[in-house]
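Please read the structure below before turning to the comments.
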There are 2 protein chains.
Amino acid sequence: MGRKQIKDTLSKELIVEEADRQFLELDFNKVSMRSIASALGCTHGSIYYHFQNKEELFNAVIEKYFTMLNQMLENSLNLDAIEGTKQIFINYMQFGLNNQSQYDFMFVQHHGLEDPLQQPAPRKSLKKFIDTIQELHQNRLKEDNIHSTFISLHGFVLYYKGRIERYDDAKIAANAHADFLLKALVI
Amino acid sequence: MGRKQIKDTLSKELIVEEADRQFLELDFNKVSMRSIASALGCTHGSIYYHFQNKEELFNAVIEKYFTMLNQMLENSLNLDAIEGTKQIFINYMQFGLNNQSQYDFMFVQHHGLEDPLQQPAPRKSLKKFIDTIQELHQNRLKEDNIHSTFISLHGFVLYYKGRIERYDDAKIAANAHADFLLKALVI
DNA sequence: AAGAAGAATTGACCACTGGTTAATTAAATG
DNA sequence: CATTTAATTAACCAGTGGTCAATTCTTCTT
């Protein structure tokens, strides 16, 4: 037993790529190390040469999703306060419901390390969410309220996750929810 | 092989009782059929004589928690509109965070049957939540807004779940969140 | 070119999970 | 007492994440 012939070297990138592919259709617990390995034509043991464990692998997978989310927030900065804020709300829910498995791992699971949202990446995204909205409103909002808003959007995603396939199936409800929160935020 | 001697008959009640006990400290995925069985001094196979599967067993376990939740809602009916509504918000978050494993199974997991919240019991509790608040406000509220409120409380529970041990550790945030939602609800 | 050193892969294994079932034993019934 | 019936067991299945000694392939050195 030894090296691979077909795909020659099994790089970290290839593994992440395949894990990402399967993650699009199945959630964390349903994507197994063995299924990733067999798709790559190797055994699951070899993945452990490149990654310490399953969590580390999937942390690598979701990196780009955090980038996407942060990017989205930045893109809303050149808008009017109200419009920009609503845009962020909508986009957040859209992101969460169009990347359900990933969202879950990013903000809920992460169960290797006690508190998902205290991890660097989730924390950073949360901070960016708050800072961006605060900036749109020239620091006139109460941070607690922005935090409550985040929690409420988080709730929307987790409420509809599993019930619907894609964001569009909850578009109307999302719009109503966004208006509801916007009203509470800007009084 | 055969009957039990120690606890004589292994009734459904005894199994539910033990599952409930372990459910207080560990979540659904960490409570195994084997651990329940061994605590009862039998093998896990025998549990399957009384319950079709793990989900059915835990459905029996959470029955009383749905009753608790519904009871709580009814107890808030003889209060003033604003006070009663806030009371419900607080109590809901308190329930969720003081029964984290159970809450998760009641409203998130239930993964055998696609949509947890469309299951009879969760659905009934959600309806009671909406109806109770509507009644406190003499049907003057928009149902969509009450629904958004529920989602936001749901979000609060799931956000703090795992981060804190008990509700009291998030008491201040819960109060702020309740005020935030109350404002949005009654304009 | 030969051989040693190192990197990468394998397969067999571990402990665990939910779930099934033939065989067995206990209790209830005639 | 015998027979039926209810309950329990142990052995098994397929699956999971994870580990590791043995092996093979690559590369570097002499």
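Quick note on labels: first sequence line is chain A, next is B, and so on, each numbered from 1.
- Inspection of the A:S152 and A:H177 side chains reveals no N or O donor paired with an N or O acceptor under 3.5 Å.
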Next item on the list: Applying ring-ring contact (aromatic ring centres under 6.0 Å, His included), run through A:F107 and A:F66 and close with a yes or a no.
Entry: CA-CA 10 Å; A:F107 292 106; A:F66 274 114; 5.7 Å; yes

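- Put simply, OH on B:Y49 is 18 Å from P on D:dA10, counting in whole angstrom units.
- Atoms CG (B:L40) and P (D:dT9) sit 10 Å apart, rounded to a whole Å.
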Write down the protein N/O and nucleotide N/O pairs, taken from nucleotides 16-19 of chain D, whose separation is under 3.5 Å; answer none if there are no such pairs.
from   : atom 1 : to    : atom 2 : distance (Å)
D:dT16 : OP1    : A:S32 : OG     : 3.1
D:dG17 : OP1    : A:K54 : NZ     : 2.6
D:dG17 : OP2    : A:M33 : N      : 3.1
D:dG17 : N7     : A:R34 : NH1    : 2.8
D:dG17 : O6     : A:R34 : NH2    : 3.2
D:dG18 : OP2    : A:Y48 : OH     : 2.7
D:dG18 : OP2    : A:K54 : N      : 2.9
D:dG18 : N7     : A:H44 : NE2    : 3.2
D:dG18 : O6     : A:R34 : NH2    : 3.3
D:dG18 : O6     : A:H44 : NE2    : 2.8

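- Other residues, nucleotides and ligands place no more than 12 heavy atoms under 6.0 Å from the CD atom of B:E143.
- Here C:dT17 presents its C1' atom at 14 Å from CG of B:L26, a figure rounded to the nearest Å.
- For the pair B:E56 CD and C:dG19 P, the computed distance is 10 Å after rounding to whole Å.
- Taking atom CD1 of residue B:I47 and atom C1' of nucleotide D:dT9, one finds them 13 Å apart after rounding to whole Å.
- Shown here are the salt bridge (Lys or Arg N to Asp or Glu O under 4.0 Å) partners of B:D179, two or more places apart in sequence or in another chain: B:K86.
- Remark: A:K128 engages A:E74 in a salt bridge, criterion side-chain N to carboxylate O under 4.0 Å.
- Between A:H50 and C:dT9 there is a side-chain N or O to OP1 or OP2 distance below 4.0 Å.
- In this model, the phosphate group of D:dA7 is not approached by any side-chain N or O of B:S46 to a distance below 4.0 Å at OP1 or OP2.
- Separating the CD1 atom of A:I15 from the P atom of C:dA8 is a distance of 11 Å, rounded to the nearest angstrom.
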- Task: Could you check A:Y159 against B:H147 for ring-ring contact (aromatic ring centres under 6.0 Å, His included), going step by step and ending with a plain yes or no?
- Result: CA-CA 11 Å; A:Y159 177 85; B:H147 200 252; 5.3 Å; yes

